[in-house]
Amino acid sequence: MMLDMGNRSSVTTFILLGFSEYPHLHALLFLLFFIIYTVTLIGNLGIIVVRRINPKLHTPMYFFLSHLSFLDVCYSSVFTPKLLEILIVEDRTISFKGCMTQFFFICAFVITEMFMLAVMAYDRFVAVCNPLLYTVAMSPKLCALLVVGTYMWGVFCSSMITYSLLQLSYCGPNIINHFGCEYSAILSLSCSDPTFSQVVCLIISIFNETCSLIIILASYVFIVATIIKMPSKGGLQKAFSTCSSHLTAISIFHGIILLLYCVPNSKNSWLVVKVATVLFTVMIPMLNPLIYSLRNKDVKGTVSRLFSLKLHSHAN
C-alpha cells in the first residue's frame, strides 16, 4: 500500500517474510518458539515473584536481577508474538507505525539491558571488593538511581535511532526479509540516502557497547585481583559463585550482539541475521532465569518451598 506525499510515495504497510523459505518447518518452529516463550514468561516472572516474597532476596543484586527479568519479558514480548503470528497466518503485514513502534521498544529494552548488566557488574565489584561497605555503598537510593538511569538512557538512544529512521523515505518495495522490524532490515527498504541514520546508529552502538564493556571489564579486573589475594578457598569459591552466573549472562548477550555487528551486508547473510536475532530476542530471555536460578540456593529454596506449600494445600 502506498500513500502519496507531495512528490514522493510512502509505504504504509510492510510485509514480513519471516522464515518463508522453509514453509515445511513452520509448524515445528511455531511449537518450538511457543514453548521457549512460555518458559521465558514463567521463568522471568517467577524470579520477580520469588524476589518479592523472600526477604533474603531483598538485596541490591536481586533488585537488579528482577529488573533484568522484567526487561527480558519486555523485549521478548515485542518480537516473539509477531514471530508466532506470521508462522501460522497468511497475513504477514505490519503497519509502518507498528513497525517503527516495534523497533523503538526492542531497541530501548536491549540498550537498557546492556547497561543493566553493566550495573550488575559494578554491584558484584562492590560486593567482592568491599563486602563490609556493601550495604552502605549500594544504598536503596543509589540502586534506584542506577536503574532509572539505565531506562532513561535506553529510551533516549532508541528515540534518536528511531527518529533517524523516520527521516528516511520508504517508497517501495515494502517486503522486509525478516520476522520483525530489525534495523538493517528496515534500512534496506529506504529509497533515500541512509547516511545520517547509519552514522547515528554507529555512534550510539559503538558508544554503548564500549562504555558497557569498559564498566564490566574494569569491574571484573578488580574482582579477579581481589579473588587472587584471598587466602581461604571458601572465600574464593563464594566469590566465584557470586560472579559466575553474571559472567555467563554477559558472555551470551554481548557475544550475540558482536555476531550481529560482524555479519557482512549481503543477501546470503540474512539467514544468519535472522538466526542471531532469534537467539537474541527469543533464547537469551529464556536462558537468563535458568542461568541465575539454577546456580542460586536461595532462589531454588524459595521455589521448592512454594511448590511444597502448593502441593500441601492441594492435599488438604
V73 backbone acceptor or donor facing S77 side chain under 3.5 Å: yes

Path from M116 to F156 over hydrophobic side-chain contacts below 4.5 Å: yes

Over all atoms of both residues, closest heavy-atom pair of N177 and L17: OD1-CD1, 3.7 Å

Over 12 foreign heavy atoms within 6.0 Å of CZ, F222: no

Flag side-chain contact, heavy atom, 4.5 Å: Y151 against L71: yes

Short side-chain to backbone donor-acceptor contact, T162 and S159, under 3.5 Å: no

Separation between CZ of F63 and CZ of R51, rounded to the nearest 0.5 Å: 6.5 Å

Shortest non-hydrogen separation from P285 to T40 and the atoms involved: CB-CG2, 3.5 Å

Considering all heavy atoms, the nearest S66-I48 contact: O-CG1, 3.7 Å

Spacing of CG belonging to L31 relative to CG belonging to L87, to within rounding of 0.5 Å: 11.0 Å

CG-CE distance between L41 and M286, expressed to the nearest 0.5 angstrom: 12.0 Å

Qualifying disulfide (SG to SG under 2.5 Å) pairs, either residue in residues 75-128, two or more places apart: C99-C181

Pairs touching residues 53-91 that satisfy disulfide (SG to SG under 2.5 Å), sequence neighbours left out: none

Closest non-hydrogen atom pair, T80 against T281: OG1-O, 4.0 Å

Qualifying salt bridge (charged side-chain N to carboxylate O under 4.0 Å, His left out) pairs, either residue in residues 64-82, two or more places apart: K82-E85

Distance in Å, F196 CZ paired with L165 CG, rounded so as to fall on 0.5 Å steps: 10.0 Å

Inter- and intrachain pairs under side chain to side chain donor-acceptor pair (under 3.5 Å), touching residues 98-122, at least two apart: E113-N288

ring-ring contact (aromatic ring centres under 6.0 Å, His included) partners for F207, two or more places apart: W153

Minimum-distance pair of heavy atoms, taken over all atoms of S197 and L168: CB-CD1, 4.3 Å

Donor-acceptor pairs under 3.5 Å, side chain of residues 135-150 to any protein atom, not counting sequence neighbours: which ones?
from: S139; atom 1: OG; to: L142; atom 2: N; distance (Å): 3.3
from: T150; atom 1: OG1; to: V147; atom 2: O; distance (Å): 2.6

F253 atom CZ: more than 12 heavy-atom contacts under 6.0 Å: yes

Any donor-acceptor N or O pair under 3.5 Å, side chains T59, Y134: no

Check: S158 side chain, F104 main-chain N or O, donor-acceptor pair, under 3.5 Å: yes

Flag if over 12 foreign heavy atoms under 6.0 Å of CZ, F105: no

